[in-house]
Amino acid sequence: MNFSYEILNWYAENKRVLPWRSTRNPYNIWLSEVMLQQTRVAQGLPYYEKFIKEFPTVKDMASASEERVLKLWQGLGYYSRARNMHATAKMVVNEFNGSFPNTYEGLIKLKGVGDYTASAIASICFDQAEPVVDGNVYRVLARYYGIELPINSTAGIKHFKKLAREVMNTKEIRDYNQGIMEFGAIQCAPKKPYCLHCPISENCVALAQNRVHELPIKLKKLKVKKKNFNYLIFLDSKKHTILEQRTGKGIWQNLYQFPLFESESEANINQVSKRVSENYSNIKKYEISLFNEKPIIHKLSHQHLHTKFWIIEVERNLPKAVSWKSLEEYPVPVLIADFIRSF
DNA sequence: AACGCGGGGAT
DNA sequence: ATCCCAGCGTT
């Protein structure tokens with residue numbers, strides 16, 4: 001019994017039932033793959049259902065507004081995925097007559113489709129013999145073959161891709177690719193792998209050397225930056241508030257939020273008052289109160305946002321304001337959505 | 001080659 | 001608190 005045969009065998013016995021496993025439609029597969037980039041199946045699944053319901057075909061997605069796509073994506077994170085996905089939907093409709101490319105080379109040209117996603121679509125939809133290498137595959141191969149190259153180094157990436165190609169099953173590439181990923185997610189899990197009843201434990205190098213918990217090797221972790229966020233929640237007598245769209249680079253691009261200023265240290269009410277007077281000179285009379293005494297710490301993978309929400313009640317009606325009720329129509333970061341809900 | 005980019009679940 | 005998830009794009 002060789003490696004790929006055991007993977008196929010294990011997959012046939014243990015695979016989960018998932019909606020994208022009962023189709024080879026490139027639109028469905030592409031949608032699921034983009035959603036599952038750096039995202040667990042359990043988290044992505046409800047979004048997949050939501051998107052397929054509102055956008056049954058790539059044409060439906062292409063004709064939607066970016067704002068609507070972002071709204072449906074809200075909470076899933078890595079919002080550039082949604083923007084690139086929408087751009088690709090429009091390109092497929094307008095330039096490819098609604099049909100996705102049917103090769104790795106064609107697919108990888110699409111926005112938001114990299115080596116992994118191109119390989120996944122090419123193999124699952126078109127039976128192309130392209131190996132997928134995601135986080136699960138890195139783990140399974142590193143352990144089974146005892147590879148010590150860091151999975152996030154250039155040499156490591158090349159080596160694992162080459163090894164994955166050597167050991168794949170080209171005849172049943174669809175099931176093999178999904179099988180090795182499923183095996184990594186369920187059986188050869190990061191923290192608690194089930195080595196006791198593993199079908200390939202006999203030849204697993206890491207297990208033989210008692211190094212399962214050490215592999216795969218991953219280079220360093222960057223320090224997370226701390227930032228102080230201050231959101232200004234304006235409220236006038238008609239329960240209108242000011243909402244802004246984030247532009248330029250950085251986090252949450254094109255999503256909406258309340259007026260924001262960052263401070264070097266934790267801000268106090270005097271700084272907020274100064275800020276309002278400077279930037280909103282047309283607002284004369286107002287009253288400031290602090291919504292949360294202790295900053296809310298919103299954790300991203302690379303930043304910790306220490307956030308205060310300042311409530312600013314104004315007497316006269318605000319210019320260019322939106323009603324509080326209409327806030328639910330805008331795509332907003334989870335940090336903002338949580339605040340709106342609790343306020 | 002290094003970094004930016006979300007949110008959540010498991011340990 | 002730490003890790004890591006069906007990674008990609010930019011610099």
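Every chain is numbered from 1 and lettered A, B, ... according to where its sequence line falls, protein lines coming before strand lines.
- With a 6.0 Å radius and a threshold of 12 heavy atoms from other residues, nucleotides or ligands, A:Y194 has its OH atom at or below the threshold.
- Rounded to an integer number of Å, the gap from CZ of A:F160 to C1' of C:dG7 is 16 Å.
- Residue-environment remark: NZ (A:K161) exceeds the threshold of 12 foreign heavy atoms within 6.0 Å.
- The distance between atom CZ of A:R21 and atom P of C:dA6, rounded to the nearest whole Å, is 11 Å.
- Near-neighbour residues of DNA chain B inside residues 115-130 of chain A, defined by a heavy atom below 4.0 Å, are absent.
- When the P atom of C:dA6 is taken as reference, atom CE of A:M85 falls 19 Å away, rounded to whole Å.
- Taking atom CZ on A:R139 and atom P on C:dG7, their separation rounds to 10 Å, with Å as the unit.
- For the pair A:N152 CG and B:dA2 P, the computed distance is 9 Å after rounding to whole Å.
- A gap of 14 Å separates the P atoms of B:dT11 and C:dA6, to the nearest Å.
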Listed pairs under 3.5 Å, donor-acceptor, residues 203-215 of chain A side chains, sequence neighbours left out:
unit_1: A:Q209; atom_1: OE1; unit_2: A:R211; atom_2: NE; d: 3.0
unit_1: A:Q209; atom_1: OE1; unit_2: A:R211; atom_2: NH2; d: 2.8
unit_1: A:R211; atom_1: NH1; unit_2: A:E148; atom_2: OE2; d: 3.3

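- With DNA chain C read from its 5' end, the first of the two nearest nucleotides for A:G135 and A:P216 is the one closest to A:P216.
- Ranked by how close their nearest DNA chain C nucleotide is to the 5' end, A:V113 and A:A185 are led by A:A185.
- For the side-chain contact (heavy atoms from CB on, under 4.5 Å) with A:I121, the qualifying choice from A:I29, A:L110, A:T103 is A:I29, the only one to do so.
- For the pair A:Y144 and A:I200, the minimum side-chain heavy-atom distance is below 4.5 Å.
- Regarding A:W30, its CH2 atom lies at a distance of 14 Å from the C1' atom of C:dC8, rounded to whole Å.
- The aromatic rings of A:W20 and A:Y48 sit perpendicular, their planes meeting at an angle over 60°, well past the 30° parallel limit.
- Relative ring orientation between A:F309 and A:Y231 is described as parallel, the plane-to-plane angle staying below 30° on a 0-90° scale split at 30° and 60°.
- In this entry the distance linking NZ of A:K225 with C1' of B:dC3 reads 9 Å, nearest Å.
- Separation of the P atoms belonging to B:dG6 and C:dT10 is 14 Å when rounded to the nearest angstrom.
- The CZ-P distance, from A:R16 to C:dC5, rounds to 13 Å in whole Å.
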### Task
Just do the side chain to side chain donor-acceptor pair (under 3.5 Å) check on A:S119 and A:N177 with the steps written out, would you?
CA-CA 9 Å; A:S119 302; A:N177 270 346; over 6 Å; no
### Summary
Counting primed atoms, P, OP1 and OP2 as sugar-phosphate and everything else as base, the B/S/- map of nucleotides 5-11 of chain B against protein heavy atoms under 4.0 Å is BBBBB-S
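- Other residues, nucleotides and ligands contribute only 12 or fewer heavy atoms inside 6.0 Å of the CD atom of A:E264.
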